[in-house]
Amino acid sequence: MLGVDPVSHRVYVARREGVTAVDLAAEKVTPGLVTTMRGHDAMPIPGTTRVISTDGGANTATLFEGLTGKVIATLPVGTKPDAVAWDPVTRTAWVMTPGSGNISVVDPAAAKVVATVVVGGSLELGAADGHGRLYVNVEDKNEVAVLDTRSRTVVVRFPLKGCEGPTGIAYASDAALILSACANGIVVVSAPDGREVASLKIGPGPDGAVYDARRRLAFVPSGGDGTLSVIRLSPKPEVVAVVPTTKGARTIALDPSTGRLYLPSAQYLPAVGTARPAMVPGSFRLLVVAPAR
């Protein structure tokens, strides 16, 4: 997964062997800004030049300077850390550890883990509402866990009807709606109390979702068929466009300052058995989707 720093105009992409940085202004790529055993996510810390990345192979989260790659701290977290979510209320980073079913709460200013929240299940992406609630997709339970970020507790859970394997999630503050993308090719739109508002058909195999508050549109990439679903959430949720991308492009990041979307992709060798297909060397690329004029 990846993140955009709209101030420094840089994209950070977590890859298996490390974090790749892309300077959008200079069009310069730094392939190994920091190294990992199995990188999963890289999230710029808002209001700083720091980035937090996760390493599923080492069971750690790394805080580093985004402009230089200088490591500030390597923090032990739960098993198989994956996605990271930012809570603006407490100014903490929430690291999902699906291997242990917990969330490690990181204070980036203090560069330390300040809490471990027991949730249970295979935790995927999370989205904060900006008012002290964090919504987290639980992949193996087909549900959303709702957490209070001040008390660091689970306050409620609600099911996602018809959803198999929820991954990407986004919160639309203007509409007060949660969008969960499901592996079986649907998006479930829910109210904060868990009430289902809509179930929409998208492509198979999504692994990310973003909401552009300026344009009031959500975007969900589907790696199974190489499409990007554009969703308007209000007044009635609907898919308003489908943009061709490329197969395998299933994660996404938004630059809120420009409205541009970034989707990493690559070519892959045929899968061997149940192992994940290996990437063709030198085939990695970053797709850019510009907003409609």
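Throughout, numbering of the chain's residues begins at 1 and tracks the sequence. None of these values were measured; they are calculated from a predicted model.
Judged by distance alone, the side chain of Thr54 and the main-chain N or O of Asp82 form a donor-acceptor pair under 3.5 Å. At least one donor-acceptor pair under 3.5 Å links the side chain of Ser222 to the backbone N or O of Gly203. Looking only at distances, a side-chain donor or acceptor of Ser100 sits under 3.5 Å from a matching main-chain atom of Thr79. Listed for the Asp107 side chain is no donor-acceptor partner under 3.5 Å among the backbone atoms of Val114. Asp255 places a side-chain N or O within 3.5 Å of a backbone atom of Ser257 that can act as its donor or acceptor partner. Using a distance-only test at 3.5 Å, with no hydrogens or angles considered, a donor-acceptor pair links the side chain of Arg91 to the main chain of Pro46. Side-chain atoms of Thr227 never come within 3.5 Å of backbone atoms of Val243 as a donor-acceptor pair (strictly under, hydrogens ignored). Arg152 contributes no side-chain N or O that, together with a main-chain N or O of Ala115, makes up a donor-acceptor pair within less than 3.5 Å. At least one donor-acceptor pair closer than 3.5 Å links the side chain of Thr20 to the backbone N or O of Pro31.
How far NE2 of His131 is from OG1 of Thr149: 11.0 Å, rounded to the nearest 0.5 Å. In this structure, Leu2 CG and Asp41 CG are separated by 8.0 Å, a value rounded to the nearest 0.5 Å. Rounded to the nearest 0.5 angstrom, Leu123 CG and Asp140 CG are separated by 8.0 Å. How far CG of Asp55 is from OG1 of Thr36: 5.0 Å, rounded to the nearest 0.5 Å. Annotation: the span from Arg250 atom CZ to Leu228 atom CG amounts to 15.0 Å, rounded to 0.5 Å. Here the CG-OH distance, from Asp129 to Tyr135, works out to 4.5 Å after rounding to the nearest 0.5 Å.
Between Pro264 and Thr251 the shortest heavy-atom distance is CG-OG1, 3.3 Å. When all heavy atoms of Gly39 and Ala14 are compared, the closest pair comes out as C-CB, 4.1 Å. Scanning both residues, Pro76 and Thr60, for their nearest heavy atoms gives CA-CG2, 4.3 Å. The heavy-atom pair separating Pro88 from Gly130 by the smallest distance is CG-CA, 3.9 Å. Listed here is the closest heavy atom pair of Arg133 and Val146: CD-CG1, 3.7 Å. Of all heavy-atom pairs spanning Val187 and Ala181, the tightest one is CG2-CA, 4.2 Å.
For the pair Glu139 and Thr167, the minimum side-chain heavy-atom distance is below 4.5 Å. Between Val105 and Asp87, the closest side-chain pair of non-hydrogen atoms is not below 4.5 Å. For the pair Tyr262/Val288, a side-chain contact is recorded, criterion being any heavy-atom separation below 4.5 Å from C-beta on. Looking at Leu233 and Arg216, their side chains never come closer than 4.5 Å, going by heavy atoms from C-beta outward. Contact check for Leu177 versus Ser234: no side-chain heavy atoms found under the 4.5 Å cut-off. Using a 4.5 Å cut-off on side-chain heavy atoms (C-beta onward), Thr62 and Val19 make no contact. Two residues are said to be in side-chain contact when any heavy atoms from C-beta on lie closer than 4.5 Å; Glu124 and Asp207 meet this criterion. For the pair Arg260/Pro291, a side-chain contact is recorded, criterion being any heavy-atom separation below 4.5 Å from C-beta on.
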Quiz item: Given Ser8 and Leu67, is the side-chain contact (heavy atoms from CB on, under 4.5 Å) satisfied, shown in steps?
Solution: CA-CA 8 Å; Ser8 65; Leu67 300 179; 4.1 Å; yes
Self-check item: Verdict with supporting geometry, Glu65 and Thr49, side chain to side chain donor-acceptor pair (under 3.5 Å)
Solution: CA-CA 6 Å; Glu65 282 292 339; Thr49 56; 2.6 Å; yes
Quiz item: Can you list the steps and then say if Lys161 with Val188 is a side-chain contact (heavy atoms from CB on, under 4.5 Å)?
Solution: CA-CA 8 Å; Lys161 183 180 178 181; Val188 178; over 6 Å; no
Self-check item: Test log, rule side chain to side chain donor-acceptor pair (under 3.5 Å), inputs Thr116 and Asn102
Solution: CA-CA 7 Å; Thr116 300; Asn102 300 332; over 6 Å; no
Practice problem: Begin with the C-alpha distance, continue with both residues' side-chain angles, and end with the deciding distance and a verdict on side-chain contact (heavy atoms from CB on, under 4.5 Å) for Trp94 and Val117. | Solution: CA-CA 9 Å; Trp94 292 58; Val117 182; 3.9 Å; yes
Practice problem: Mind running side-chain contact (heavy atoms from CB on, under 4.5 Å) on Val89 and Arg150 for me, showing each step along the way? | Solution: CA-CA 8 Å; Val89 172; Arg150 294 184 180 92; 3.5 Å; yes
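The residues Asp23 and Lys28 are annotated as not salt-bridged, no charged nitrogen and carboxylate oxygen being separated by less than 4.0 angstrom.
The side chain to side chain contact (heavy atoms under 4.5 Å, CB included) with Ile169 is formed by just one residue from the set Val136, Leu125, Leu179; it is Leu125.
Grouping the Ile, Leu, Val, Met, Phe, Trp and Tyr side chains by contacts below 4.5 angstrom, directly or via other members, places Val189 with Val220. Clustering ILVMFWY residues whenever any of their side-chain heavy atoms sit less than 4.5 angstrom apart, transitively, puts Val106 in the very cluster that holds Met43. Both Phe284 and Val22 are assigned to one and the same hydrophobic cluster, defined by single-linkage of ILVMFWY side chains at heavy-atom distances under 4.5 Å. One hydrophobic cluster, built from ILVMFWY side chains closer than 4.5 Å, holds both Leu75 and Trp86. Hydrophobic clustering (ILVMFWY, side-chain heavy atoms < 4.5 Å, transitive): Val155 and Met96 are in distinct clusters.
Other residues, nucleotides and ligands contribute over 12 non-hydrogen atoms within 6.0 Å of the CZ atom of Arg157. Around NZ of Lys141, the count of heavy atoms belonging to other residues, nucleotides or ligands within 6.0 Å exceeds 12. Surrounding CZ of Arg215 are more than 12 heavy atoms belonging to other residues, nucleotides or ligands, all under 6.0 Å away.
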